[in-house]
Colleague: 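First the structure, then my questions, so here it is.
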Amino acid sequence: MASLSEDDLSCPVCHEIFKDPVVLSCGHSFCKECLQQFWRTKETQECPVCRSLSRHEPPCNLGLKNLCESFLKERNERRSSGSEEICSLHSEKLKLFCLEDKQPVCLVCLTSEKHDNHTFRPISEVVSSYREELKTAMKSLKEKLKHNKNIKDEFEKTVQHIKSQAEHTEHQIKQQFEKLHQFLRDEEEATITALREEEEQKKQMMEKLEEMNRHISALSHTIKDMEEMMTDNDVCFLKKFPVSMERVQISQPDPQMASGALIHVSRYLGNLQFRVWKKMQDIVQNTPVILDPNTAFPHLVLSDDLTGVRFSGNKQPLPDNPERFDYHDCVLGSEGFNSGTHSWDVEVKESEHWSLGVTTASNQRKGRDFFNTDVWSVQYGLIEEFGFCVEQDLEDLECVRVHLDYDRGTVSFSDPVTNTHLHTFTTTFTDTLFPFFCTYSFSCLRILPVNSQ
């Protein structure tokens, strides 16, 4: 027993002394309850350590169980006997604390060369301050644990949203492919395969969740150990204090949700039929701008083909990813422009309150400041100043054409039905520009296909 440590007799899952240990065919042992809980989350009965499959009910590890019981008995006897209060070198009672070595010492230790020029204090003087110091450190550790659990919840919601995105996108892909001829089945299969590969890539966040589970479990175990240590007698506490402080001060950076964590839906649904049309030489509509659902304010609902957007009174349960608007009712186009000329027509006849134009890729989407800089837009029916205001007497305006000439530095707005010029901005562009669309009060906007004009 003297050669065994607590780690040698700890379950790999709960990191505590084994309780009713069972052994798998691969040789790894676990608490019976820990193994059963782990298997409830898995489709197969695999080893939590080596992932090998278990085909039979694991038997009780009697030898390990006896070792654990003997270890706990000896540890309790050792603590109750008070032997830890005696100096192991001189068999004298430990009464002082060496501030340099951070260890309790006896009166004989004062005369040893090891403690030359060291400073000593009575144990009763230092133990209270050290307990308070450890208590403060543990408070920060508990706050970190709580924060990590909150982050984990957000990650789990995002993973679930990725799954929903993939399922919805697959449904849309299949629905559009149903309109095509039989010989296009190969193209459909290739597109779905690409989607599945991205879905699997995005699901790698689950590995980060597992890492967070291990990190949270380790934090919980450390806190539990520290709480047990706080109840130890003074000498035992001071002996463990330096190592314990190192454990509570070890900090890992909090995980961050990276940009681009969501499925790139527009890559699969955007202009899907037009891209296929190039191969099949048929007539398919092409929309010059596709909306990016990963940027949409939660109250905006996008059409299945990602060309229409409407305001809804119900807030959708969407992840607060870095790309998404969280204050203004806006959504961006899926592709940015950094050269050339580009035009798109937006149907506004079903909207009484709207704003549309272009903005820079670096413009802040979180908070209220989006319209303060780097926005070139026209608006209608809004109280706030969100760009050039369309005259109120243009109530019959059905469509707005946006024409961007990146190289000349102009953004022009016009009515393509009456060929009426509305406004032109002139500046110098240095950043990538994205189309943006805002609609309020249950209104809707639709980007028109090119061949419908």
Side-chain angles (χ1 to χ4, degrees), residues 162 164-199 201-202 260 262-296 300-310 323-324 330-348 350 356-359 361 399-406 411 416 432-437 439 444-453:
I162 290 173
S164 300
Q165 278 189 308
E167 292 174 352
H168 180 71
T169 303
E170 179 181 349
H171 174 72
Q172 292 302 315
I173 292 172
K174 289 183 176 181
Q175 191 176 62
Q176 292 194 36
F177 269 100
E178 288 175 359
K179 302 175 183 179
L180 306 177
H181 298 288
Q182 182 62 38
F183 68 87
L184 293 177
R185 295 300 182 187
D186 292 340
E187 183 70 15
E188 178 184 7
E189 183 178 355
T191 306
I192 293 179
T193 299
L195 170 65
R196 287 304 190 195
E197 289 176 352
E198 182 174 0
E199 180 186 6
Q201 179 183 359
K202 299 301 172 76
L262 304 182
I263 296 291
H264 196 333
V265 178
S266 55
R267 177 183 300 163
Y268 306 99
L269 299 182
N271 294 329
L272 176 61
Q273 291 187 358
F274 178 75
R275 289 186 283 109
V276 176
W277 167 75
K278 290 182 178 181
K279 298 181 180 180
M280 60 184 296
Q281 296 298 308
D282 202 352
I283 299 176
V284 179
Q285 292 182 339
N286 173 41
T287 307
V289 171
I290 298 298
L291 303 177
D292 183 357
N294 295 342
T295 67
L300 298 182
V301 179
L302 275 57
S303 61
D304 288 338
D305 62 359
L306 304 179
T307 63
V309 55
R310 64 179 176 84
E323 301 92 341
R324 193 177 305 281
C330 297
V331 60
L332 297 185
S334 62
E335 296 186 12
F337 309 120
N338 53 24
S339 65
T341 59
H342 310 272
S343 295
W344 56 95
D345 294 346
V346 184
E347 185 179 75
V348 298
E350 301 296 331
L356 54 91
V358 296
T359 186
C399 181
V400 174
R401 174 168 294 168
V402 183
H403 181 80
L404 168 65
D405 190 329
Y406 188 98
V411 183
T432 300
L433 299 180
F434 280 85
F436 83 89
F437 309 83
T439 183
C444 60
L445 300 172
R446 185 170 72 94
I447 306 167
L448 300 178
V450 172
N451 58 3
S452 67
Q453 300 302 311

Colleague: Taking E199 first and then R196, would you say they form a salt bridge - that is, a charged N and a carboxylate O separated by under 4.0 Å?
Modeller: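 Judged by the 4.0 Å cut-off on N to carboxylate O distance, E199 and R196 do form a salt bridge.
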Colleague: Is there a donor-acceptor contact under 3.5 Å from the side chain of T432 to the main chain of N338?
Modeller: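 Such a contact is absent between T432 side chain and N338 backbone.
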Colleague: Does the side chain of T359 come within less than 4.5 Å of L332's, by heavy atoms?
Modeller: yes
Colleague: Atom OG in S343, atom CG in L404: separation rounded to 0.5 Å?
Modeller: 8.0 Å
Colleague: Say whether N294 and Q165, considering side chains only, have a donor N or O and an acceptor N or O under 3.5 Å apart.
Modeller: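 A donor-acceptor contact under 3.5 Å links the two side chains.
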Colleague: Do the side chains of P293 and L306 get nearer than 4.5 Å, heavy atoms only?
Modeller: yes
Colleague: Starting at CG of L195, measure out to NZ of K202 and round the result to the nearest 0.5 Å.
Modeller: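 Here the rounded value is 10.0 Å.
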Colleague: So, taking the atom named CG in L445 and the one named CG in L356, what distance separates them when rounded to the nearest 0.5 Å?
Modeller: 6.5 Å
Colleague: Just verifying a value: how many Å separate Q201 CD and I263 CD1, rounded to the nearest 0.5 Å?
Modeller: 8.5 Å
Colleague: Indicate the atoms forming the closest heavy-atom contact of I290 with S266, along with that distance.
Modeller: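 What the structure gives for the nearest pair is CG2-CB, 4.0 Å.
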Colleague: For S303 and G308, indicate whether the former's side chain and the latter's backbone hold a donor-acceptor pair under 3.5 Å.
Modeller: yes
Colleague: Treating T169 as the side-chain partner and A166 as the backbone partner, does any N or O pair qualify as donor plus acceptor under 3.5 Å?
Modeller: no
Colleague: Is there a side-chain contact (heavy atoms from CB on, under 4.5 Å) between L300 and T439? Walk through the geometry before answering.
Modeller: CA-CA 8 Å; L300 298 182; T439 183; 3.9 Å; yes
Colleague: Where is the tightest heavy-atom contact between F436 and C330, given as atom of each residue plus distance?
Modeller: CD1-SG, 4.5 Å
Colleague: Step by step, would you call T307 with L291 a side-chain contact (heavy atoms from CB on, under 4.5 Å)?
Modeller: CA-CA 6 Å; T307 63; L291 303 177; over 6 Å; no
Colleague: Please examine the side chains of D305 and L269, heavy atoms only from C-beta on, and report whether any two atoms are closer than 4.5 Å.
Modeller: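 Heavy-atom side-chain distance check fails, nothing below 4.5 Å.
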Colleague: Under a 4.5 Å cut-off applied to non-hydrogen side-chain atoms, are P449 and F274 in contact?
Modeller: no
Colleague: What I want to find out is whether R267 reaches E198 closely enough, with some N-O distance under 4.0 Å, to be called a salt bridge.
Modeller: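 Yes.
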Colleague: With a 4.5 Å heavy-atom cut-off, do E188 and T193 have their side chains touching?
Modeller: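 Contact flag for E188/T193 side chains = no.
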Colleague: Side chains of Y268 and E170: do they bring a donor and an acceptor to under 3.5 Å?
Modeller: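 No pair is found: no donor N or O on one side chain lies under 3.5 Å from an acceptor on the other.
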Colleague: Between D345, T341, V411, which is the residue that forms a side-chain contact (heavy atoms from CB on, under 4.5 Å) with H403?
Modeller: T341
Colleague: Per the side-chain contact (heavy atoms from CB on, under 4.5 Å) rule, which among V402, V331, V348 passes with F437?
Modeller: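 By the side-chain contact (heavy atoms from CB on, under 4.5 Å) criterion, F437 pairs with just one of V402, V331, V348: V331.
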Colleague: What are the two closest non-hydrogen atoms of G357 and W344, and how far apart are they?
Modeller: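 Heavy atoms of G357 and W344 come nearest at O-CZ2, 4.3 Å.
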Colleague: Do E347 and I447 come close enough that some side-chain heavy atom pair is under 4.5 Å?
Modeller: no
Colleague: Walk me through it: do T295 and R324 pass the test side-chain contact (heavy atoms from CB on, under 4.5 Å)?
Modeller: CA-CA 4 Å; T295 67; R324 193 177 305 281; 5.8 Å; no
Colleague: Could you measure the distance from the CG atom of L433 to the CD atom of E335? Nearest 0.5 Å is fine.
Modeller: 14.0 Å
Colleague: Nearest 0.5 Å, what's the SG-CZ distance between C399 and R401?
Modeller: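 Between atom SG of C399 and atom CZ of R401 there are 7.0 Å.
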Colleague: If you take all heavy atoms of G333 and F434, which pair is closest and at what distance?
Modeller: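 Where G333 meets F434 most closely, the heavy atoms are O-CD2, 3.4 Å.
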